[in-house]
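See below for the structure under consideration.
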Amino acid sequence: QVQLVESGGQLVQAGGSLRLSCAASGRSFRGYAMGWFRQTPGKERAFVAAIRWNDGFTYYADSVRGRFTVSRDSPKNTMYLQMSSLKPEDTAVYYCAAANSAVIFTAMQRYDYWGQGTQVTVSS
């Protein structure tokens, strides 16, 4: 059974940094893609960033490009999201997701497994 567990969310001041982790268990995601999404109340879950496990290719939403970095640690089967220059509008519940595909998609419907989410709050 595949499990994704996020951690690292917390309250941080605007301009600060934070690193989220997503620990995967149940299978190796080598050869597949994993991503980060975020959601605020009343809105759809929005794509943030994704990484292709095999070669480390990454893709970002325009709103976070240059501020966020997605990476993975293959031996640990863990994906990270390093967030810097945080803004109040980055406040959301952040979810990690994994796809049964090596193609990076931005649509949440393309992802097959989800974590429970971790709250990130950026104060102004």
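Residue Arg110 places its CZ atom among 12 or fewer non-hydrogen atoms of other residues, nucleotides or ligands, all under 6.0 Å distant. Taking a 6.0 Å sphere around OH of Tyr59, one finds it holds 12 or fewer heavy atoms contributed by other residues, nucleotides or ligands.
No path of Ile, Leu, Val, Met, Phe, Trp and Tyr side chains, each step under 4.5 Å between heavy atoms, connects Tyr94 with Ile104, placing them in separate hydrophobic clusters. Put simply, Phe47 and Met83 are part of two different groups of oily side chains (I, L, V, M, F, W, Y) that touch within less than 4.5 Å, one to the next. Val48 and Leu18 fall within a single hydrophobic cluster, where Ile, Leu, Val, Met, Phe, Trp and Tyr are joined by side-chain heavy atoms under 4.5 Å apart, directly or via other members. Residues Leu86 and Val70 share a single hydrophobic cluster, defined by chaining ILVMFWY side chains whose heavy atoms lie under 4.5 Å apart. Note on Tyr32: it clusters hydrophobically with Val2, by side-chain heavy-atom contacts below 4.5 Å among ILVMFWY residues.
For the pair Tyr111 (side chain) and Phe105 (backbone), a donor-acceptor distance under 3.5 Å is present. Between the Glu6 side chain and the Gln116 main chain, a donor and an acceptor come within less than 3.5 Å of each other.
Here CE of Met108 is found 7.5 Å from CD of Glu44. Values are rounded to the nearest 0.5 Å. Residue Arg19 holds its CZ atom at 7.0 Å from CD of Gln82, rounded to the nearest 0.5 Å. Within the model, atoms OG of Ser124 and NZ of Lys87 stand 14.0 Å from one another, a figure rounded to the nearest 0.5 Å. Note that the OG1 atom of Thr118 and the CG atom of Leu81 stand 11.0 Å from one another [nearest 0.5 Å]. Atoms OG and CZ, on Ser101 and Arg52 in that order, are 10.0 Å from each other to the nearest 0.5 Å. Summarising the geometry, atom CZ belonging to Phe68 is positioned 14.0 Å from atom OG1 belonging to Thr58; distances are rounded to the nearest 0.5 Å.
Taking both residues in full, the closest heavy atoms of Tyr60 and Ala49 are given as CD2-CB, 3.5 Å, listed atom of the first, atom of the second, then distance. The heavy-atom pair separating Thr40 from Ala92 by the smallest distance is CG2-CB, 3.7 Å. Closest approach of Arg67 to Asp90, counting heavy atoms only: NH1-OD2, 2.8 Å. Taking every heavy atom of both residues into account, Ala14 and Pro88 meet most closely at CB-CD, 4.1 Å. Shown here for Leu4 and Cys96, the closest heavy-atom pair between the two residues is CB-SG, 3.6 Å. Across all non-hydrogen atoms, the minimal contact from Asp73 to Pro75 is OD1-CD, 2.9 Å.
Inter-residue side-chain proximity for Thr121 and Ser123 is flagged as unmet; no heavy-atom pair is nearer than 4.5 Å. For the pair Met79/Trp53, a side-chain contact is recorded, criterion being any heavy-atom separation below 4.5 Å from C-beta on.
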### Query
So Arg38 and Ser63, side-chain contact (heavy atoms from CB on, under 4.5 Å) or not? Walk me through it.
CA-CA 12 Å; Arg38 64 187 182 186; Ser63 58; 3.5 Å; yes
### Task
Walk me through it: do Asp62 and Arg65 pass the test salt bridge (Lys or Arg N to Asp or Glu O under 4.0 Å)?
CA-CA 5 Å; Asp62 289 343; Arg65 188 173 288 116; 2.5 Å; yes
#### Entry: Residues Asn77, Arg30; criterion side-chain contact (heavy atoms from CB on, under 4.5 Å); working and verdict
CA-CA 9 Å; Asn77 223 24; Arg30 193 169 301 174; over 6 Å; no
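The only member of Tyr95, Tyr80, Trp36 that meets side chain to side chain contact (heavy atoms under 4.5 Å, CB included) when paired with Cys22 is Trp36.
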